[in-house]
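Notes for the one structure printed next.
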Amino acid sequence: MDWDNLRFFLELSRAGKLTVAARRLAVDHTTVARRVQALEKSLDRQLFIRAKAGYRLSEAGRELLAQAEAMESAITSIEQPSLTADKLSGQVRIGATEGYGTVMLAGQLANLTREYPHLGVDLLAVPRSVRLARHEADIVITLERPERGPYVITKLTDYVLRLYASESYLASHPPIRSREDLSGHVFVSYIEDLLYSKELFYLDEIVRPRQHSLRSTSILAQQEAVAAGAGLAILPAFLAAREPLLKEVLVGEVEFTRTFWMLMPVENKDLARMRVCWDFLRDVAANSHDVMMGRA
């Protein structure tokens with residue numbers, strides 16, 4: 001077997017299309033196809049299923065992928081001192097909570113992909129838990145630290161949540177001078193039976209709302225509703241700081257601290273593209289600490 005054919009196999013498995021893999025490898029697409037076919041012939045296995053939408057791994061391809069990436073990782077470790085932006089390639093899927101992924105990561109990840117032009121990043125910024133166990137992502141940023149599992153885990157950052165309303169809402173409703181005054185107001189919050197983390201149960205700690213004007217699974221939708229005057233809501237300070245229509249309520253009296261954890265499967269830790277993304281996400285969090293804690 002020509003071991004160099006594995007490079008073409010890896011790139012096609014990540015790109016899913018001959019033309020994209022060829023561009024990343026700086027060869028013609030027919031070269032990629034020929035190299036992959038040679039590898040399949042030498043192994044006597046079909047590694048890809050061809051379809052109009054592109055190439056996806058067969059069962060045999062998925063089995064080979066883990067072994068090929070382990071080989072790539074070993075070679076990368078040897079070549080690490082000479083690893084440059086032009087040499088780093090592949091796809092990384094990052095799962096994050098909706099607010100953090102959209103507001104704090106999307107723009108920063110654009111900088112990462114400019115630095116590494118052959119690196120592709122999928123950002124899953126969704127109002128639910130992204131599951132590593134279901135292979136939904138390569139790196140996950142979550143509110144809850146797993147109690148077990150073959151994962152590399154690190155504390156990414158703390159962040160604070162506070163109580164907010166719009167100027168228009170506050171001007172047209174009774175004044176709020178203490179927590180006792182909250183019972184007479186309407187709230188915007190999560191749909192309780194659809195909460196994806198116990199860390200999002202915090203409203204009951206300050207008040208049992210008599211009325212919800214709007215509930216949503218989306219924290220961004222909640223913020224938009226509050227800015228439009230729908231009621232009061234507990235929002236992450238890093239989100240609320242970006243909305244000039246919001247005003248903090250009961251300053252210094254209502255504040256919650258939560259933690260984001262970052263994890264990835266142990267088998268990914270030595271892959272160069274994973275290490276680069278992991279370190280980048282840690283740097284983003286460190287540089288954004290004051291914003292996350294509502295100090296900027």
Side-chain angles (χ1 to χ4, degrees), residues 1-95 105 109-124 130 132 134-140 152 264-281:
M1 183 178 68
D2 184 346
W3 293 102
D4 196 45
N5 288 340
L6 285 172
R7 289 196 305 114
F8 293 83
F9 163 77
L10 282 170
E11 204 58 61
L12 183 56
S13 71
R14 293 162 181 167
K17 294 181 181 295
L18 285 174
T19 52
V20 177
R23 184 170 64 249
R24 292 177 180 175
L25 290 164
V27 298
D28 188 84
H29 73 277
T30 57
T31 301
V32 179
R34 177 169 51 81
R35 289 287 201 138
V36 170
Q37 289 169 3
L39 181 61
E40 289 180 320
K41 184 176 181 180
S42 68
L43 297 174
D44 194 24
R45 283 182 276 174
Q46 182 181 353
L47 302 174
F48 292 95
I49 298 173
R50 288 101 171 146
K52 289 184 178 179
Y55 283 63
R56 60 184 179 88
L57 288 170
S58 66
E59 184 176 351
R62 288 193 296 272
E63 291 175 357
L64 178 62
L65 180 62
Q67 301 170 53
E69 287 190 325
M71 292 176 61
E72 178 190 47
S73 178
I75 293 171
T76 300
S77 296
I78 297 171
E79 297 179 339
Q80 191 67 40
S82 62
L83 183 63
T84 64
D86 288 337
K87 291 182 179 180
L88 189 74
S89 66
Q91 200 76 19
V92 179
R93 178 167 290 186
I94 299 169
L105 293 187
L109 288 170
N111 296 332
L112 178 67
T113 57
R114 280 194 290 269
E115 183 179 354
Y116 296 96
H118 302 300
L119 178 69
V121 177
D122 293 340
L123 175 61
L124 278 64
V130 178
L132 279 183
R134 296 180 181 176
H135 307 290
E136 293 180 338
D138 302 305
I139 297 173
V140 167
V152 179
M264 68 175 168
V266 170
E267 61 265 25
N268 285 354
K269 68 182 180 66
D270 293 324
L271 299 178
R273 67 185 187 280
M274 299 299 175
R275 290 201 304 272
V276 165
C277 289
W278 181 271
D279 292 343
F280 180 83
L281 292 170

> Nearest 0.5 Å, what's the NE2-CZ distance between H118 and R23?
Replying inline: 9.5 Å

> Could you give the distance from SG (C277) to CZ (R93), rounded to the nearest 0.5 Å?
Replying inline: 13.0 Å

> Short question: side chain of S89, backbone of L119 - any donor-acceptor pair under 3.5 Å?
Replying inline: no

> What distance do L47 atom CG and L65 atom CG have between them, rounded to the nearest 0.5 Å?
Replying inline: 10.5 Å

> If we only count heavy atoms from C-beta on, is the N5 to S42 side-chain gap below 4.5 Å?
Replying inline: no

> Taking all atoms of both residues into account, what is the closest heavy-atom pair of A137 and G95, and its distance?
Replying inline: CB-N, 3.8 Å

> Does any non-hydrogen side-chain atom of L57 lie less than 4.5 Å from one of F9?
Replying inline: yes

> Hey, what do you get for CG (L64) to CZ (F48), rounding to the nearest 0.5 Å?
Replying inline: 8.5 Å

> Does any N or O in the side chain of R273 come within less than 3.5 Å of the main-chain N or O of Q91, such that one atom is a donor and the other an acceptor?
Replying inline: yes

>> So which atom in A22 and which in D28 form the shortest heavy-atom distance, rounded to 0.1 Å?
In response: CB-C, 3.8 Å

> V36 versus Y55: any side-chain heavy-atom pair under 4.5 Å?
Replying inline: no

>> So which atom in I139 and which in M274 form the shortest heavy-atom distance, rounded to 0.1 Å?
In response: CD1-O, 4.0 Å

>> What I'd like to find out is whether the side chain of L124 reaches to under 4.5 Å of the side chain of V140, using heavy atoms alone.
In response: no

> Restricting to pairs with a member in residues 33-44, which pass salt bridge (Lys or Arg N to Asp or Glu O under 4.0 Å), not counting sequence neighbours?
Replying inline: D2-R35, D4-R35, E40-R50

> For the side chain of E115 and the backbone of N111, is there at least one donor-acceptor N/O pair under 3.5 Å apart?
Replying inline: no

>> Quick one, Y116 and V276 - any side-chain contact, counting heavy atoms below 4.5 Å?
In response: yes

>> As an exercise, state the distance from CD of E136 to CG of D122, rounded to the nearest 0.5 Å.
In response: 13.0 Å

> Just wondering, do D138 and L132 contact through their side chains at under 4.5 Å, heavy atoms?
Replying inline: no

> Out of curiosity, I49 CD1 to R56 CZ, how far, rounded to the nearest 0.5 Å?
Replying inline: 4.0 Å

>> If you define the side chain from C-beta out and look only at heavy atoms, does anything of N268 sit under 4.5 Å from W278?
In response: no

